[in-house]
Novice: 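I'd like to ask some things about the structure below.
Just so we're clear, the structure is a prediction, and the values are computed from it rather than from any experiment.
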Amino acid sequence: MRPVGELVDELANGNVPKRRVGVVDLGSNSGRLVVYDQYLPNRLDIVEDARVPLRLASDLDDDGALDDEALERTIDALRAFHAVALGAGAERTIVVGTSAMRDATNSDDLRARVQQEIGVNIKIIDGLEEARYSFLGAIHGLPVWNGFVLDIGGGSLELTHFRDRLGVSSWMLPLGALRLTKQCLPSDPPSGKEIRRLKQLVARRLSEEGVPKAGKNELLVGTGGTIRNIAKINRKQRPSPIQRLHGYTVPFSRVKRIASSLASLDVERRAGVPGLNSDRADSIVGGVIAVQIVMETLGVEEILVSGEGLREGIAYSIVSWTASDPAIVKQASIAALASRFRAWDAGRAHQRVAAARQLIDTLAPELPEEFQSALSDAAFLLDIGRSVDYYNRLSHTAAVVLLADLDGFTHREIALLASVIREADKRQTDFGTYAPLLTDDDAPAIARAGAILALADEIERRLPDEAPIELQIDVEGEHVRLSAPAFSDYERGKLSDRFERAFGQVLIFS
């Protein structure tokens with residue numbers, strides 16, 4: 001892999017090939033525009049977005065045509081999306097239609113009007129193509145290798161089986177949230193008989209299609225509005241230290257409980273459920289029950305939520321149909337985050353990382369890899385907080401890390417990264433704040449990583465730009481002798497006290 005510093009320098013200097021592209025998804029439940037800056041080439045940054053409830057799947061008449069109101073609503077939304085994309089400077093805008101557009105008998109009439117009135121072409125994609133885009137977008141920013149990707153829209157359900165981050169097989173079924181609700185749940189709230197019929201329908205169709213059980217070490221990744229709303233509801237009930245939905249996991253037991261709870265409410269009360277978008281109140285029951293049955297069919301205990309999906313897959317496919325290695329995605333995320341902060345300096349960051357690595361190799365080679373990786377990333381990003389406030393730079397850096405869009409990282413890895421930075425800031429980790437991602441069992445390793453980071457930071461501060469890092473470290477039983485740049489007695493005392501608490505050894509400066 002290329003050094004992260006090279007990527008950051010190219011980003012900061014504007015030397016990375018970049019294109020600004022807009023993607024419009026005309027879904028069965030809603031229409032969405034996202035404008036991205038695409039670079040590295042495996043990184044997307046959101047520039048603008050807009051969303052409009054369309055509900056096309058429920059607006060097909062008896063002849064299968066979109067009614068006049070649905071046509072006008074769609075054209076109005078596309079006109080607004082087009083204006084936002086132009087205002088954002090999109091060089092190209094791709095518009096795709098999915099299940100409802102595939103089903104509508106008058107979709108060609110809509111496409112012709114949109115082309116004539118707005119100058120935009122709508123590409124109607126088939127179900128397997130939709131599954132392929134959703135799969136590429138969903139797994140790109142997650143450290144997953146084998147499993148299934150599930151996308152439940154308003155009209156259809158797409159499921160893709162993948163191994164080594166490559167799609168193996170896909171299924172497209174007419175089991176979307178709006179379609180299932182309209183077909184199986186006429187009562188408000190739905191009756192027990194209606195819910196049983198819906199469950200049987202979904203289970204039967206999955207069985208007929210030959211959807212297999214998930215194998216050992218295979219995960220279920222979920223994308224799309226239905227699954228993200230399930231995650232939002234669960235997070236309101238059980239708060240998480242990481243605010244991003246991307247990478248969040250929802251246990252099967254919670255999906256089942258949310259399905260039961262939502263099904264017991266009428267639409268009006270359901271609309272007030274914390275975390276649920278109110279415009280999904282009348283369709284969410286069909287969607288969440290479908291998720292429950294898919295999980296039962298696969299035999300998985302949790303669903304890993306992807307904040308990316310169809311739209312990101314379309315953008316990524318412009319460059320490649322292959323999902324990047326998670327390590328490369330993680331590297332690109334770190335580079336992109338660092339490049340946004342003017343006070344951050346790549347040269348100083350590399351010196352700090354080099355010092356941290358030498359200290360690890362001599363003093364803590366037994367430190368588990370996840371803590372070593374968090375320490376290196378923390379050393380690299382440490383100075384981004386200077387752009388906010390020098391005196392609280394570490395605290396600001398930790399806060400930014402928790403809020404940033406760090407693709408390729410698990411939620412636990414993000415929590416580890418932030419906690420190591422806070423530990424270096426002389427703030428002992430509050431494991432209640434990070435629960436359940438971190439526990440008291442992580443405390444010794446975090447304390448050691450934080451002590452090393454604080455020491456590496458102090459060493460880097462005393463070195464000229466581009467000076468090589470050549471530390472002399474001698475370990476003699478309970479004593480560690482470090483030959484390093486000049487420290488005052490006061491600073492030596494503080495660092496030594498911290499080191500002894502973390503390592504149980506006396507640090508001596510020479």
Side-chain angles (χ1 to χ4, degrees), residues 16-27 29-51 81 84-85 88 90-98 123 125 127-144 147-153 156 158-160 162 165-167 170 219 221-229 231 244-248 303-326 328-333 335-337 404-410:
V16 176
K18 179 178 70 174
R19 74 181 79 202
R20 184 161 290 185
V21 58
V23 179
V24 175
D25 165 21
L26 295 177
N29 188 68
S30 61
R32 179 83 179 268
L33 159 74
V34 184
V35 180
Y36 304 98
D37 272 344
Q38 181 178 41
Y39 54 89
L40 286 180
N42 37 41
R43 173 75 188 179
L44 298 174
D45 274 352
I46 296 176
V47 178
E48 285 285 359
D49 84 328
R51 179 182 180 275
F81 289 161
V84 172
E91 304 162 27
R92 176 185 179 188
T93 299
I94 302 167
V95 183
V96 300
T98 57
K123 178 185 178 182
I125 57 177
L128 293 180
E129 191 175 9
E130 182 178 354
R132 193 179 181 196
Y133 283 130
S134 294
F135 159 71
L136 177 61
I139 72 161
H140 189 276
L142 292 173
V144 295
F148 294 80
V149 170
L150 171 65
D151 184 1
I152 296 184
S156 63
E158 286 81 38
L159 186 67
T160 298
F162 67 96
R165 294 176 72 79
L166 296 173
S170 294
L219 305 175
V221 176
T223 184
T226 292
I227 290 168
R228 284 193 281 270
N229 271 262
R244 293 188 74 200
L245 285 178
H246 188 70
Y248 182 73
I303 184 166
L304 176 63
V305 180
S306 176
E308 301 180 341
L310 173 66
R311 292 175 293 276
E312 288 77 16
I314 291 170
Y316 286 128
S317 72
I318 296 172
V319 177
S320 173
W321 276 102
T322 302
S324 298
D325 185 289
I328 296 175
V329 174
K330 184 181 289 188
Q331 183 187 56
S333 293
L337 178 60
D405 52 344
L406 288 174
D407 283 350
F409 287 77
T410 66

Novice: Nearest 0.5 angstrom please: Asp407 CG to Ser333 OG, how far?
Specialist: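 Taking CG in Asp407 and OG in Ser333, the distance rounds to 4.5 Å.
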
Novice: Is any side-chain heavy atom of Arg228 closer than 4.5 Å to one of Thr223?
Specialist: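 Yes, close enough: below the 4.5 Å cut-off.
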
Novice: Do Arg244 and Asp405 come close enough that some side-chain heavy atom pair is under 4.5 Å?
Specialist: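 Arg244 reaches Asp405 side chain to side chain.
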
Novice: Got a second to check how far Glu129's CD is from Ser170's OG, nearest 0.5 Å?
Specialist: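 Separation between the atoms: 11.5 Å.
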
Novice: Looking only at non-hydrogen atoms, find the nearest pair between Gly137 and Ser306 and report the distance.
Specialist: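 Where Gly137 meets Ser306 most closely, the heavy atoms are O-OG, 4.2 Å.
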
Novice: Looking at residues at least two apart in the chain, or sitting in another chain, which of them share a side-chain contact (heavy atoms from CB on, under 4.5 Å) with Ala85?
Specialist: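 With neighbours one apart ignored, the set is Leu33, Val35, Ala90, Thr93.
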
Novice: Return the minimal non-hydrogen interatomic distance between Gly247 and Leu304, and the atom names on each side.
Specialist: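 Shortest heavy-atom contact: O-CD1, 3.4 Å.
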
Novice: Parallel, tilted or perpendicular: which fits the ring planes of Phe135 and Phe162, with parallel below 30° and perpendicular above 60°?
Specialist: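 Judged by the thresholds at 30° and 60°, the geometry between Phe135 and Phe162 is tilted.
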
Novice: Treating Gln38 as the side-chain partner and Ala315 as the backbone partner, does any N or O pair qualify as donor plus acceptor under 3.5 Å?
Specialist: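 Such a contact is found between Gln38 side chain and Ala315 backbone.
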
Novice: Which value, rounded to the nearest 0.5 Å, describes the distance between Ile227 atom CD1 and Leu150 atom CG?
Specialist: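 Here the rounded value is 4.0 Å.
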
Novice: Compute whether any side-chain donor of one residue and acceptor of the other, for Ser156 and Glu158, lie under 3.5 angstrom apart.
Specialist: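 Note: Ser156 and Glu158 side chains meet the donor-acceptor criterion.
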
Novice: Please list, chain by chain and in numerical order, all residues satisfying salt bridge (charged side-chain N to carboxylate O under 4.0 Å, His left out) with Arg165, sequence neighbours excluded.
Specialist: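 Here no residue qualifies.
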
Novice: With a 4.5 Å heavy-atom cut-off, do Leu310 and Thr98 have their side chains touching?
Specialist: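 Leu310 vs Thr98: side chains touch.
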
Novice: So does Glu91 get a backbone contact from the side chain of Arg19, meaning a donor-acceptor N/O pair under 3.5 Å?
Specialist: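 No, the answer is negative, given that no donor and acceptor are paired below the 3.5 Å cut-off.
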
Novice: Looking only at atom types and distance, does a side-chain atom of Ser317 sit under 3.5 Å from a main-chain N or O of Ile314, one as donor and one as acceptor?
Specialist: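 Yes, the answer is positive, given that a donor and an acceptor are paired below the 3.5 Å cut-off.
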
Novice: Give, for atom NE2 of His246 and atom OG1 of Thr410, the distance between the pair rounded to the nearest 0.5 Å.
Specialist: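 Those atoms lie 10.5 Å apart.
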
Novice: Of all residues at least two apart in sequence or in a different chain, which pass the side-chain contact (heavy atoms from CB on, under 4.5 Å) check with Asn29?
Specialist: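 Here the qualifying residues are Arg51, Arg55, Leu178, Asp279, Arg280, Ser283.
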
Novice: How far apart are the closest heavy atoms of Leu136 and Ala323, and which atoms are they?
Specialist: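 Looks like CD1-N, 3.7 Å.
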
Novice: For Leu166, give me all partners under side-chain contact (heavy atoms from CB on, under 4.5 Å), at least two apart in sequence or on another chain.
Specialist: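 With neighbours one apart ignored, the set is Thr322.
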
Novice: What pairs of residues pass the salt bridge (charged side-chain N to carboxylate O under 4.0 Å, His left out) test when at least one of them lies in residues 304-317, not counting sequence neighbours?
Specialist: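 Output for this query lists Asp25-Arg311.
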
Novice: Which heavy atom in Val329 sits nearest to a heavy atom in Gly141, and how many Å separate them?
Specialist: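 Closest heavy-atom pair between Val329 and Gly141: CG1-CA, 4.1 Å.
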
Novice: Hey, what do you get for NE2 (His140) to OG (Ser320), rounding to the nearest 0.5 Å?
Specialist: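 If we round to the nearest 0.5 Å, His140:NE2 and Ser320:OG are 8.0 Å apart.
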
Novice: Once you round to the nearest 0.5 Å, how far does CG of Asp37 lie from CG of Leu44?
Specialist: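 That separation rounds to 9.0 Å.
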
Novice: For a quick test of reading the model, state the closest non-hydrogen atom pair linking Val149 to Ser134 and the distance between them.
Specialist: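 Residues Val149 and Ser134, closest heavy atoms: CG1-O, 4.3 Å.
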
Novice: Not counting sequence neighbours, which residues clear salt bridge (charged side-chain N to carboxylate O under 4.0 Å, His left out) with Asp49? List them please.
Specialist: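 If we apply the salt bridge (charged side-chain N to carboxylate O under 4.0 Å, His left out) test to Asp49, skipping adjacent residues, the hits are Arg32.
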
Novice: Looking at every non-hydrogen atom in both residues, tell me the closest pair between Arg43 and Tyr316 and how far apart they are.
Specialist: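 In this case the closest contact between Arg43 and Tyr316 is N-CE2, 4.4 Å.
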
Novice: Are the side chains of Ile46 and Tyr36 in contact, using a 4.5 Å heavy-atom criterion?
Specialist: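 Yes, their side chains come closer than 4.5 Å.
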
